[in-house]
2 protein chains.
Amino acid sequence: MMPSPTRNPVTASEPDPSRRNNLALLTSLVHHNGVLSRAQLTKRTGLNRSTVGALIGQLVNLEVVYETAPSGEAQVGRPSPIVHPRPSIAALAVNPEIDAVTIGLVGLGGKVQKKIRFDTERIPTAKEAVNIAAAVIAGMRSELDASYRVMGVGIAVPGLVNRDDGVVRHAPHLGWRDEPVARMLGEATGYPCHAANDASLGAEGELLFGAGAGQKNLIFLNGGASGIGGGIIADGELLRGTSGYAGELGHTFVRSSGKPCHCGATGCLETEVSQSPLFELAGIGGGDAGQLEQALRANSSEAVAAEVARQLEYLGIALRNAVNTFNPEAIVLDGFLGVLHALSPGTLDNSLRSQALDGPAGQVKIYRAALGSDLMMIGAAELAFAQFLADPAGAFPSPTS
Amino acid sequence: MMPSPTRNPVTASEPDPSRRNNLALLTSLVHHNGVLSRAQLTKRTGLNRSTVGALIGQLVNLEVVYETAPSGEAQVGRPSPIVHPRPSIAALAVNPEIDAVTIGLVGLGGKVQKKIRFDTERIPTAKEAVNIAAAVIAGMRSELDASYRVMGVGIAVPGLVNRDDGVVRHAPHLGWRDEPVARMLGEATGYPCHAANDASLGAEGELLFGAGAGQKNLIFLNGGASGIGGGIIADGELLRGTSGYAGELGHTFVRSSGKPCHCGATGCLETEVSQSPLFELAGIGGGDAGQLEQALRANSSEAVAAEVARQLEYLGIALRNAVNTFNPEAIVLDGFLGVLHALSPGTLDNSLRSQALDGPAGQVKIYRAALGSDLMMIGAAELAFAQFLADPAGAFPSPTS
DNA sequence: GTAATATGTTGGATAGCAAAACAAACTCCA
DNA sequence: TGGAGTTTGTTTTGCTATCCAACATATTAC
C-alpha cells in the first residue's frame, strides 16, 4: 500500500512530489484538458478555492488563459466560470520524413492552427530539412509576430535523438548521423529548438490528447514507411533512458534466424513486420494508412489474409514482451499497425491473453491511435511547450503588471 | 534541452519534482548514503545552510539521526559535523523461497542487523510462510520493543505481486495464487506489512546500496532456483506498471520454437536460461551462486563451455531487447546470471555492441550484483521503510518535543 | 419566496525557506 | 606563533505561497 497521491493535502507542506509549481500545474491542466471550470480545477489540484482563484487571476494577467461565463449546465450552487487556454500561445512543430517535411503551428490547448506539408523529390538531408523548415517559418513570421506568442520549435525525427542536446544520433531511413538539428534550426530561426524521437512524441501526444487520455502506463507503437517506432509512458511520464534513446520497440527480437536488420541484429520486429508487402498485396503503390486499410478490406484474397496473420503473429510476440515488461493499461497502435489490428480485431488480444503473464495481460487494452495526421504536430509542439509549461510565469516578461 | 533538475533553486516555490518534503529528502539521503556531513547535505539538497540546520535539528529531535564530531579530514574551513542514521529505526524483511523462509531486521542506513534462515522440508504454502515469519518475529518481539522502532514489514516474493494491496497474484515456483500475504502477516504480527516482487526489490536494493549506486537507469536481473526475475529502474524510480507487475524480463522472447514455459508462451528467457543444467554439468547437486561458480571454474570440459556460451547467447538477446527499450546506464546481474557473466567476461558486452542499437549500446555497462545474500533483506526492508521515508515526522508521535 | 447548495472573494494567519550578518573552527603561510 | 583566508554553523529577519474562516453571490429545489 504505497502512499497514493493525496487529493486533499492535510499537511501544509508539499505532499505531492509530481506537482511542480502550482501555477505550472494549472497551466498544464488547462492545456491538456482544454476546457475546465474553476471548480473542476480546484478539485483536480486539491488546492484551496482561494488559491486557485489567485493563480487563475495571475494566468489571466499573463494572458495565458481567459475566462468565460459559466456554461448553462443545470447544477445546484453558484456556477463556476470556464477557463480556456489561449491558442495565441503557440509552438511550432517540424517533422522531417523520407518524402516530405511537415511544418505546423499548434496553439495552447493542442489544436493545430496551421499545417504545411512540403513534399521533397528525394530524402532530405538534415540541412535541407532545416532549410525548408526555416523558410516556411520565415514565411509565417509576420503573422506569428502579430498574432502569436511562439514558445519554440519542436522537431520530431524518426531515429535516435539525444533529447538533451537535440542531436540526431542516427536516423537510418533518412540517412542522418550525428546531426545537431536543434542547434541548426535554432540558429536559422532564432527560436529555441528541441528535437526528439517521433514515436516518443507520438506517445506523449496520444497520452495527453488522444486515445491514451487519462492513462498512466501506455505503450505506443507507430508503423510507417520509416519502420516501427515506439514510445513508452510509465507512471505518467515518457520513458527516456540515459540519453533519450529509450522506447525502440521496433527492434524487439521476434524471430530466430530472421532477416538481418540495418541495426546489426537479426529477427527484429521491424524487419518481419513492415508495410511494403501490405501495399504490394493491396495492389497500390503507396499512400497513407487510411488508403491501405481501404484497399486491404476490398481485397479478400488468401494471400492478404495470410500476410496479415503472419505480421500480427510477430507483432503479438513484441507486444507480449512489452506487456510482461511494463504492465501497461493500454497499447496504442498507429499507422499500418493500427490497420493490421483493425483488420483482424481480437487477434492481438487473444495472443496476449494466451502468451503474456496472467496479471499484466488481464489489464491491458489495445486501442487505435486517435489523432491521425495531426499527431506528430501535437507531439512535437509539446516538446516546445515543455519549458513554458514548467514555468508559465517566467517564460516571458509579464505584459500587464 | 529539457529543464534539468535545478541544483540551486532560485524561486521560492518547489522547482524539483523529485523532491518530496525536504525533511523526507534529508532522511532518504542519510539512509541511502550512510554517512554525510552537514555541508555535503547542503550541497546535495541545494537548500540553504540555515534550512538544513533546522531540518537536521528536527531529525535529531525525532531520534531519526544523530550527529558526531567532524571527521579528521584535513580541509580548509570550519569542519562540518557528521550525520548518521539511527539503526534503531528498523524494518523487518521476509523472503519466502522454495526451500526456506528468511527473516531479517534491517536498520536505517541499510545494515542487516539480524538474519534468520528457516529451512523448510518442502515448498511452503503462503500460510506456512506467514506462520514461520510471524513466529520468528514473535520470538524477537521483546528485543524489538526494547531496542528498536520497527516501521513495518516488507515481503519479497518470487512472483507477480500487486504492490497496492499486497496480494500475490501468482508465484509459480511457490505454487501460490491470489494470496493476500501482506494482510495475513499484518494480522499475525500487528505491523504494517507490504509485499512486492523480489527482483523489483532487488533492483531497488542494488540501486540504493549496491552496484547501481548513483545510477538513474538500470536493469536488474536475478537468476535463481525460481527462474529469472527482473526489476527496472527508470529515471531513478522503480518501474511498477499499472499493478506493480512490471519488470518480468524472465519472460522475454528469445527463441522461436523454444520450449513451452509455465506462463503459457514458448521461447521465454527463463526456459532457455536456467541454473539446473549448470549445476548438473558442474557435478554438484545444489548450492548458492558462489559454489556454482567455483565448481564451474574447476571444470574445463567442452560441455560446460558450450552450455555457458549457449545460455549467454540467449541472455544476450534478452539484454539487447532491454537495452533498446530502456537505454540504461547499467545492467546488474545477480545469482547464476552473475556467474555466467563472470565466467565469460566480455561476451555479453560484445553481443550488445553488435546487436543493440548504436546509441543505447554505447553507454551501457554490465555489473555483477554487490549485495549478495543480504540483497533481499535490504530490498524488502526498503519497502517497509517507504512510508517512513516519505514522511519521517508523521510516522510516529514525536518523542521529545 | 425561502432553503439548500456550491462557488467566488477577502483578510488574516502560518509554515517553510532564503538572505544577511555574525560567530566559530579549521588551514595556510610568513 | 599569529594573522589572513576559508568554510561552515547560528541567529535574525523577511518573503511568499498557501490555507482557513467568514462572507458574498448565483444557482436549483420545493
### Pairing pattern in dot-bracket form [Watson-Crick, G-U; both distances under 3.5 Å; | = partner strand] for DNA chain C
||||||||||||||||||||||||||||||
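The listed nucleotides are dT27(C), dT7(C), dC17(C); the one nearest the side chain of Ser80(A) is dT7(C).
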### Derivation and outcome, ring-ring contact (aromatic ring centres under 6.0 Å, His included), residues Tyr367(A) and Phe220(A)
CA-CA 10 Å; Tyr367(A) 301 93; Phe220(A) 173 81; over 10 Å; no
### Task
For His31(B) and Phe209(B), run ring-ring contact (aromatic ring centres under 6.0 Å, His included): C-alpha distance rounded to whole Å, both residues' side-chain angles, the deciding distance at 0.1 Å, then the answer.
CA-CA 10 Å; His31(B) 171 43; Phe209(B) 299 103; 5.3 Å; yes
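Remark: side-chain polar atoms of Thr45(B) are paired, donor with acceptor, to backbone N or O of Leu41(B) under 3.5 angstrom. Side-chain atoms of Glu206(B) come within 3.5 Å of backbone N or O of Ala370(B) as a donor-acceptor pair. In this structure, the side chain of Arg240(B) does not engage the main chain of Ala234(A) through any donor-acceptor pair within 3.5 Å. Remark: side-chain polar atoms of Gln113(A) are not paired, donor with acceptor, to backbone N or O of Val106(A) under 3.5 angstrom.
We find that CD1 of Ile56(B) is positioned 15 Å from C1' of dC17(C), with the value rounded to whole Å. Across the protein-nucleic acid pair, Leu25(B) atom CG and dG16(C) atom C1' stand 14 Å apart, rounded to whole Å. Here dG8(C) presents its C1' atom at 14 Å from CD1 of Ile82(A), a figure rounded to the nearest Å. Regarding Leu23(B), its CG atom lies at a distance of 15 Å from the P atom of dA15(C), rounded to whole Å. In this structure, CD of Gln40(B) is placed 11 Å from P of dG9(D), rounded to the nearest angstrom.
Looking at which nucleotide of DNA chain D each of Gly77(A) and Thr51(A) is closest to, the 5′-most match is held by Thr51(A). Mapping Gln75(A) and Leu55(B) onto DNA chain C via the closest heavy atom, the residue that lands nearer the 5' end is Gln75(A).
Side-chain atoms of Asn33(A) and Arg44(A), non-hydrogen and from C-beta on, do get closer than 4.5 Å to each other.
Of the charged side-chain nitrogens involved, at least one lies within less than 4.0 Å of a carboxylate oxygen, so that Arg163(A) and Glu204(A) count as a salt-bridged pair.
Within 4.0 Å (heavy atoms only), Pro70(A) reaches no atom of the nucleic acid at all.
Using a 3.5 Å distance cut-off with no hydrogens or angles, the side chains of Ser243(A) and Gln363(B) do pair a donor with an acceptor.
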Atom pairs under 3.5 Å: protein N/O with N/O of nucleotides 10-12 of chain D:
residue	atom	partner	partner atom	Å
dT10(D)	OP2	Arg38(B)	NH2	2.4

